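This report concerns only the one structure given below.
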Amino acid sequence: MQVPFSNLNKQYLSIKKEIDQSILNVISESAFVRGKYVADFEKKYAASFGVRHCVSCGNGTDAIYIALKSLGIGRGDEVITTAFSWISTSEAISQTGAKVVFADIEPEFFTIDPKDVERKISSKTKAIIPVHLYGQPADMTELMLVAEKYQLKVIEDCAQAHYASYKGKKVGTFGVAGTFSFYPGKNLGAYGDAGAIISDDDDFSEHARLFANHGSLTKHNHIMEGINSRMDGLQAAVLQVKMKYINDWTEQRIRHGVKYNQLLVDNFNGSAPKIREGCKHVFHLYVIRVKERSNLQKHLQTKDISTAIHYPMALPYLDAYCHLGHQPADFPITYEYQSEVLSLPIYPELTDTMREYVVETIRKY
Ligand SMILES: *Cc1c(COP(=O)(O)O)cnc(C)c1O
């Protein structure tokens with residue numbers, strides 16, 4: 001049996017009629033950049049989180065950058081983020097001219113450790129960017145306490161965690177802003193690049209909206225310089241169709257995640273991911289830890305099961321950050337985990353038979 005790592009085509013085929021029609025509508029109305037479909041999507045997306053504003057933009061990396069710029073963060077400032085994430089999170093900080101300061105992760109949950117965040121705070125620290133990694137909410141109670149104590153802004157990187165929740169509250173609604181990516185492979189994926197920022201703060205959102213669109217809300221009226229980071233109509237139309245199904249798809253991911261856990265925990269030579277108590281982990285990725293990772297990965301490949309590694313080298317140890325001179329002992333958990341993590345196939349279109357085959361293959365190994 002072949003188990004691919006993802007199957008976007010199968011999802012497309014399940015909603016083909018609606019998608020094709022919505023794409024045709026955008027083309028026939030020439031609503032290519034921003035416009036009606038984007039405005040509708042922003043309204044629906046904000047409403048789905050119960051917040052006042054959604055500012056769409058070109059991608060999830062820009063969403064973080066625009067949010068930081070809209071908080072006035074730049075040269076001379078420091079922003080603390082997790083050592084274990086996709087590079088977008090730290091890249092966006094550096095783009096503003098601010099300094100990236102990494103913190104280690106919690107051993108149980110792969111998300112930023114609030115205690116290490118507190119240790120990294122200096123007089124220059126302005127903000128914290130937790131990442132709800134793999135779909136698991138970060139420890140928002142502790143992080144918000146630290147942020148309040150030191151008067152820091154919190155931007156939540158929700159690129160992997162659409163509609164995850166922490167103690168009944170959706171992630172992205174704790175800090176001043178939540179940023180999202182709609183890259184095709186994300187839980188809510190467009191058919192190209194797209195991103196958004198959600199917020200309840202009026203001034204912040206207005207600045208973000210201006211900044212993302214050349215500093216203007218109306219044509220030729222540039223209040224300031226900004227950037228060109230806009231969602232296009234085709235992506236908004238696709239996302240509007242997909243929003244009808246996202247709750248079902250999220251439930252399917254969770255169901256697979258929970259089943260994997262039931263069958264794998266204590267049943268193989270490694271560890272299954274824990275779900276933080278009282279939280280909704282939306283399983284963008286299902287990540288186990290194994291000591292002999294490359295052997296297991298090769299074995300699974302010979303059985304036609306595709307896996308991936310998120311991420312083989314943590315941010316502080318990438319060449320891009322060698323100027324920071326970090327050592328393994330600076331982030332001991334992250335350093336250990338980067339050589340152990342292995343992502344198994346998880347997506348709504350995965351069948352129970354496929355999932356059982358993956359579990360059996362791992363247990364027999
Ligand atoms: C995908 C991702 C992003 C950025 O998204 P793009 O839309 O690809 O720019 C940011 N942060 C994390 C954690 C991601 O996984």
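Since this is a predicted model, take the numbers as computed values, not measurements. Along the sequence shown, residues carry numbers from 1. In each ligand, atom 1 is the first atom listed, and ligand 1 is the first ligand listed.
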Handout entry: N-O pairing of Asp77 and Lys99 below 4.0 Å
Key = no

Completion exercise
Per the under 4.0 Å non-hydrogen criterion, ligand 1 touches Asn59, Gly60, Thr61, Ser85, Trp86, Ser88, Thr89, Val131, Asp157, Ala159, Gln160, Ser181, Lys186

Handout entry: Electrostatic pair Lys291:Glu336 at N-O distance under 4.0 angstrom
Key = yes

Problem - Under-4.0 Å salt bridge between Arg209 and Glu42 - result: yes

Exercise for the section: Would you please indicate yes or no on a ring centroid separation below 6.0 angstrom for Tyr337 and Phe84? Expected result: no

Practice task
May I ask you to say whether Glu118 pairs ionically with Lys149, meaning some side-chain N is under 4.0 Å from a carboxylate O?
Solution key: yes

Practice task
Indicate, with yes or no, if the rings of His284 and Tyr134 have centres closer together than 6.0 Å.
Solution key: no

